[in-house]
Amino acid sequence: MVSRFNHKNEQWRVWVANASFKFMKSPFIVQSWQRLLKSFFPILILISFVTVLLVDSFTPAIAQIPRQEIRGVWMTTNDFHTLKNRDKVQDAVSQLRRMNFNTIYPVVWNSAYVMYPSAIAQRAGIQPFVSKGSDGHDILADLINQAHRKGLLVIPWFEFGFMAPPTSELAQNYPDWFTQKRDGSQTSISAAGEVMWLNPFHPKVQQFITNLVLETVTQYDADGIQFDDHMSLPHEFGYDQYTVALYTKETKNPPPTNSQDAAWVKWRADKITAFMVQLNQAVKQRKPQAIFSVSPNYYDFAYKFHLQDWLSWIRLNIVDELIVQIYRPDLQSFVANISRAEIQEAQQIIPTGIGIMTGLRNNPVPMQQIKSQVRAAQERGLGVTFFYYESLWNDALEPLNERQAGFATLFRSPALRAKVE
């Protein structure tokens with residue numbers, strides 16, 4: 001746009017010069033023009049100089065696309081009884097639309113199983129069953145169709161990332177795909193219980209995850225794909241035979257015994273970043289407008305303890321939206337975390353939101369806490385996504401009507417997001 005403007009500006013100046021020259025050559029006014037020119041010449045020079053300066057310094061405004069406010073909710077395996085029933089999905093989508101939500105993040109990868117019919121999982125021999133709806137329908141396809149009718153986006157969520165239970169077919173059939181700690185142990189304790197970790201540096205693991213992701217974004221009319229804090233690796237891991245050999249080959253030294261050694265952390269974090277760049281490119285090649293979404297923990301924790309350098313991902317331009325999980329019951333701590341510099345940096349570039357806990361089965365969250373956290377996020381220009389659907393108003397402290405009335409006040413007007421084509 002700017003180059004076209006400069007070209008037209010140059011054409012205008014040439015036209016003025018040519019017109020003036022022709023005018024000055026007219027025999028009827030040559031003499032009078034010469035007399036006027038002598039008296040006004042200094043003024044004309046000044047006017048011309050100022051005009052050129054003003055025109056040249058003018059930069060046409062480039063229209064900015066408004067930041068799309070994220071108003072989302074995760075649908076987890078705890079919501080499966082809703083997801084598998086067409087009528088319940090319809091009711092859920094309609095209710096979310098009435099309350100001015102705009103995005104749903106349904107789980108599609110959990111406990112080393114996919115939540116849709118997958119040829120990739122079947123060929124790998126890791127899926128002894130197929131997740132289906134109550135009438136045998138495709139759960140993900142039904143959710144996407146119903147949500148799109150109401151103007152909501154659907155971004156499938158790879159919840160488990162590189163995690164897998166030790167009892168899963170994936171762990172049992174592909175033991176060389178998993179990494180370990182320095183003492184040889186292979187598991188850690190997470191919110192999902194005892195888990196093993198796929199080796200994010202192993203090419204076969206990278207290809208497997210890529211294949212599942214591409215299957216999801218191409219098989220369905222999804223609006224993107226999301227990866228959370230489990231698309232990472234706890235810092236204690238990476239001492240498996242494959243990774244030790246790779247690190248030794250590249251650095252001429254064995255991995256440090258201290259799993260939090262700065263260079264060792266950076267090497268592994270950079271490897272995960274390189275994979276995420278490749279994964280983003282693969283997704284964009286299949287579906288250029290797909291939203292590549294990430295929902296990590298706050299940056300210091302994510303990088304130091306899980307080797308997840310998501311701030312570099314943003315700076316490398318591979319993240320289309322960011323939702324930072326800030327699950328804090330204390331408002332002061334919540335506000336301090338959503339005010340971090342890296343979140344402020346991200347929201348200048350991409351749609352940015354905060355993950356807010358609305359309750360767990362054994363730990364419901366009061367509506368007043370949810371309202372105060374949403375208000376704090378909105379005051380800072382941030383969107384929100386709630387964890388998780390069932391705890392919005394079904395598993396809650398307050399009565400259903402009171403709880404739904406509370407959520408109805410959070411988003412006063414619609415904020416629909418553009419559907420991915």
Report yes if the distance between the aromatic ring centroids of [X] and [Y] is under 6.0 Å, otherwise no.
X: F178; Y: W197; value: no
X: Y239; Y: W264; value: yes
X: F201; Y: Y242; value: no
X: F292; Y: F227; value: yes
X: F160; Y: Y113; value: no
X: F386; Y: W74; value: no

Roughly how far, to the nearest 0.5 Å, is [atom2] of [Y] from [atom1] of [X]?
X: L233; Y: M163; atom1: CG; atom2: CE; value: 12.0 Å
X: W157; Y: I225; atom1: CH2; atom2: CD1; value: 12.0 Å
X: F129; Y: Q127; atom1: CZ; atom2: CD; value: 4.5 Å
X: L382; Y: I323; atom1: CG; atom2: CD1; value: 11.0 Å
X: Q404; Y: R98; atom1: CD; atom2: CZ; value: 8.0 Å
X: N253; Y: Y247; atom1: CG; atom2: OH; value: 6.5 Å

Measure across [X] and [Y] and return the closest heavy-atom pair with its distance rounded to 0.1 Å.
X: A302; Y: N297; result: CB-O, 3.8 Å
X: P165; Y: A171; result: O-CB, 3.5 Å
X: Q122; Y: V130; result: NE2-CG2, 3.8 Å
X: P234; Y: L307; result: O-CD1, 4.4 Å
X: G151; Y: L416; result: O-CD2, 3.7 Å
X: T210; Y: A282; result: CG2-CB, 4.2 Å

Do [X] and [Y] have side-chain atoms, one donor and one acceptor, less than 3.5 Å apart?
X: T251; Y: W267; value: no
X: N211; Y: E215; value: no
X: D228; Y: Q325; value: no
X: E390; Y: N394; value: yes
X: Q180; Y: D240; value: no
X: S333; Y: D330; value: no
X: Y116; Y: T216; value: yes

Kindly determine whether I104 and L153 satisfy side chain to side chain contact (heavy atoms under 4.5 Å, CB included), including the steps that lead there.
-> CA-CA 6 Å; I104 300 173; L153 299 191; over 6 Å; no

Any carboxylate oxygen within less than 4.0 angstrom of a Lys/Arg side-chain nitrogen, looking at [X] and [Y]?
X: R340; Y: E345; answer: no
X: R403; Y: E398; answer: yes
X: D135; Y: R86; answer: yes
X: E321; Y: R417; answer: yes
X: K284; Y: D320; answer: yes

Would a distance-only check, ignoring hydrogens and angles, find a side-chain to backbone donor-acceptor pair under 3.5 Å from [X] to [Y]?
X: S372; Y: Q369; result: yes
X: N280; Y: V277; result: no
X: R268; Y: F237; result: yes
X: D223; Y: V154; result: yes
X: Q373; Y: R328; result: yes
X: N100; Y: F411; result: yes
X: Y174; Y: A124; result: yes
X: H235; Y: H306; result: no
X: S339; Y: V335; result: yes
X: S232; Y: D229; result: yes

For the side chain to side chain contact (heavy atoms under 4.5 Å, CB included) test, which of V73, I370, V365 pairs with T358?
-> I370

Is the number of heavy atoms from other residues, nucleotides or ligands within 6.0 Å of [atom1] ([X]) greater than 12?
X: N258; atom1: CG; value: yes
X: E250; atom1: CD; value: yes
X: Q172; atom1: CD; value: yes

Report yes if some heavy atom in the side chain of T103 is under 4.5 Å from a heavy atom in the side chain of Y105; otherwise report no.
->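 Yes - at least one pair of side-chain heavy atoms lies under 4.5 Å apart.
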
Given F275 and M231, is the side chain to side chain contact (heavy atoms under 4.5 Å, CB included) satisfied, shown in steps?
-> CA-CA 11 Å; F275 169 64; M231 203 68 168; 3.8 Å; yes

Is there a side chain to side chain contact (heavy atoms under 4.5 Å, CB included) between M115 and I139 once you walk through the steps?
-> CA-CA 8 Å; M115 305 299 164; I139 294 171; over 6 Å; no

Please state whether the rings of Y327 and F387 are parallel, tilted or perpendicular, taking 30° and 60° as the class boundaries.
->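 Answer is tilted, since the angle falls between 30° and 60°.
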
Quick one: sort the W109 and F208 rings into parallel, tilted or perpendicular, breaks at 30° and 60°.
->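 Aromatic pair W109/F208 classed perpendicular.
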
Which is it for W177 and K204 under the side chain to side chain contact (heavy atoms under 4.5 Å, CB included) test, yes or no, and what are the steps along the way?
-> CA-CA 7 Å; W177 285 11; K204 289 185 179 180; 3.7 Å; yes

